[in-house]
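Data first, discussion second: the structure below is written as structure tokens.
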Number of protein chains: 2
Amino acid sequence: MVQKSKPPAAAVEPKRRGRPRAYEPDVALGKALDLFRTQGFAATSLDDLSEATGMNRPSLYGAFGDKRELYIKSYQRYREEARASMVEIFREEMPVRQRLERIFASALNIYLSGETGPRGCFTVVTAASEAVGDPDIRAMVLDGLNELDKAFASCFRRAKEKGELPESADPAVLAQLASATVHSIAIRSRARVSRRELEAIVKGAIDLMVAAKS
Amino acid sequence: MVQKSKPPAAAVEPKRRGRPRAYEPDVALGKALDLFRTQGFAATSLDDLSEATGMNRPSLYGAFGDKRELYIKSYQRYREEARASMVEIFREEMPVRQRLERIFASALNIYLSGETGPRGCFTVVTAASEAVGDPDIRAMVLDGLNELDKAFASCFRRAKEKGELPESADPAVLAQLASATVHSIAIRSRARVSRRELEAIVKGAIDLMVAAKS
DNA sequence: CGATTTTTGTACCATCTCGCAAATTAATCC
DNA sequence: GGATTAATTTGCGAGATGGTACAAAAATCG
């Protein structure tokens, strides 16, 4: 039940009034995210979350709201992290192939991470569970899917403008294929398909996409 | 709690001894499958299953074992049905494009079916939940993924032999791309992406695959 | 008919689940 | 130091959950 004994000392620390928090919200949210990603919403109990975060239930509730809200906040956090790594890759100028390689490598690293084994993509996990029954969560998932599509589309559009792809190439179609490859490795990673095999799939897909004649 | 009042009269009915069953195991398993597909393992309670199947809990237990066994049997049933529709499509001779169209159309029909909304692919749903923690279930999922890969690979191999694809086309790579497209529409369907959009994705993917130069 | 066999229905148990209320602790403000 | 503020700890309660024991019911067999 102890996360860290020292005070957070985050930023300027504007001298908060009452008893200081025994946890760092960011760290706790990260732990919750880990759990939700591996086990899913329904299979994760508040006790699990309490143990993982080092916060007991009332604190958890006070900081993040009920289980569903915590799940949503975890998902938003996941998306922020994913987005950050994407922005990174899109900042520099580089050949399409290289950019694609870096995007897929980043995705693989995220999907294969985890102490107890690969955990895949949280968007996919959520789509496969809560998204059917919860409109709000479904909307977030849909947004996540769209964001990936758009990122890939912009990648292919830039490549086309630079003449790296033939005029006949359709960025939107290629983007959906790239997204599909991401979804596929996300799923396969949870079935413990080896990194080597996943990388082979990625390579095959990239070869096909950058040689696209359609 | 009533499923059917008449006796099953299945096959020859070898004069069973005790009290006759009030349910048809096949029908009940189908109902259980429906529930598990939409809600997942953890979010589906025995009460839900009991209500849906029309069997009370002890009968459910007697017929299928505990919840996990029922889930496994449901998944096997799902795979049998999916396999049957595939065999159907592979029996006749036809152009690659047409065969691909039929495979994807079949998948879409399965994924978009459901009274309360689309339910996607049970293999994907299972991969995204139970597969991480349960080795037996994970093995079944892996088998399901492989089966789809192999089916597509054989499809492309046949096409290549018939000269429908260039010599440079790699059936294994194309197959994994086709599988990826299936995984992608399975996920998107659960986020309520419209059939029209899903069909557009499928069309784009097919165009690219049958024109493959890689 | 009575014995046997198999399934059903009722009821229950031990455990877990989520959420919250009340009391406690630790800091700042005056 | 006392008041105030905010977080922690304890513990509870209503309900759900997975699983099972046991008796009643409905069929066949002899």
Side-chain angles (χ1 to χ4, degrees), chain A residues 1-10 12-29 32 35-36 39-74 130 133-134, chain B residues 1-10 12-29 32 35-36 39-74 130 133-134:
Chain A
M1 275 300 168
V2 174
Q3 187 185 97
K4 215 152 190 181
S5 36
K6 285 184 188 174
V12 195
E13 200 63 28
K15 281 229 171 173
R16 302 176 46 82
R17 198 72 149 68
R19 175 172 179 168
R21 277 198 283 250
Y23 59 90
E24 298 179 46
D26 278 355
V27 178
L29 191 56
L35 260 192
F36 278 137
Q39 303 183 338
F41 178 82
T44 304
S45 71
L46 284 187
D47 281 335
D48 294 338
L49 292 164
S50 179
E51 192 189 331
T53 57
M55 303 164 62
N56 42 32
R57 244 163 318 164
S59 294
L60 214 49
Y61 195 82
F64 305 110
D66 67 9
K67 192 179 165 186
R68 180 172 170 276
E69 287 178 82
L70 177 53
Y71 188 84
I72 291 175
K73 290 195 171 84
S74 298
E130 305 313 303
D134 191 316
Chain B
M1 277 293 170
V2 175
Q3 186 187 95
K4 216 155 191 180
S5 37
K6 284 184 188 177
V12 194
E13 200 63 31
K15 279 229 168 175
R16 301 178 46 83
R17 195 77 148 63
R19 176 171 176 168
R21 277 197 283 250
Y23 60 90
E24 296 180 48
D26 279 354
V27 179
L29 190 57
L35 261 191
F36 278 136
Q39 304 183 335
F41 178 81
T44 303
S45 70
L46 285 186
D47 280 336
D48 294 338
L49 292 164
S50 179
E51 193 189 332
T53 57
M55 300 162 65
N56 42 33
R57 248 172 309 173
S59 296
L60 215 49
Y61 194 83
F64 304 110
D66 68 9
K67 192 180 166 186
R68 179 172 171 275
E69 289 178 82
L70 177 53
Y71 188 83
I72 291 175
K73 290 193 171 84
S74 298
E130 305 312 305
D134 190 318

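As a basis for the values below, the full set of heavy atoms in this structure was taken, side chains included, without hydrogen atoms, waters or symmetry mates. Just so we're on the same page: letters track the sequence lines, and every chain starts at 1.
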Separation of [X] atom [atom1] from [N] atom [atom2], in whole Å?
| X | N | atom1 | atom2 | answer |
| --- | --- | --- | --- | --- |
| A:Y71 | C:dC18 | OH | P | 14 Å |
| B:E51 | D:dA16 | CD | P | 13 Å |
| A:L49 | C:dT17 | CG | C1' | 12 Å |
| A:R19 | C:dT25 | CZ | P | 9 Å |
| B:R57 | D:dT17 | CZ | C1' | 8 Å |
| B:L60 | D:dT20 | CG | C1' | 14 Å |
| B:L70 | D:dG19 | CG | P | 10 Å |
| B:L46 | C:dC12 | CG | P | 19 Å |

Closest to the 5' end of DNA chain D, once B:A43 and B:G18 are matched to their nearest nucleotides, is B:A43

What closest approach, in Å, do A:L60 and A:S50 show between heavy atoms, and which atom pair accounts for it?
-> CD2-N, 4.0 Å

Taking all atoms of both residues into account, what is the closest heavy-atom pair of A:A43 and A:Q39, and its distance?
-> CB-O, 3.3 Å

Strictly below 4.0 Å: does [X] bring a side-chain N or O up to OP1 or OP2 of [N]?
| X | N | result |
| --- | --- | --- |
| B:N56 | C:dG9 | yes |
| A:R21 | D:dA7 | yes |
| A:S45 | C:dC16 | no |
| A:Y61 | C:dC20 | yes |

Using 30° and 60° as the class limits, which term best fits the ring planes of A:F36 and A:F41: parallel, tilted or perpendicular?
-> parallel

Per nearest nucleotide of DNA chain C, the residue lying toward the 5' end, B:P58 or A:D66, is B:P58

Tell me what A:S59 touches on the nucleic acid: a base, only sugar-phosphate, or nothing, going by heavy atoms under 4.0 Å.
-> base

Quick one: does A:L49's side chain get under 4.5 Å of A:R57's, heavy atoms only?
-> no

Base D:dT5 paired with A:R17 side chain (donor-acceptor, <3.5 Å) = no

Counting side-chain heavy atoms from C-beta on, which of C:dG19, D:dG19, D:dT8 comes nearest to A:Y23?
-> D:dT8

From the options C:dA27, D:dG18, D:dA27, select the nucleotide whose nearest atom is closest to the side chain of B:P20.
-> D:dA27

Check side-chain contact (heavy atoms from CB on, under 4.5 Å) between A:I72 and all other residues, then give those that pass, not counting sequence neighbours.
-> A:R68, A:Q76, A:I137, A:M140

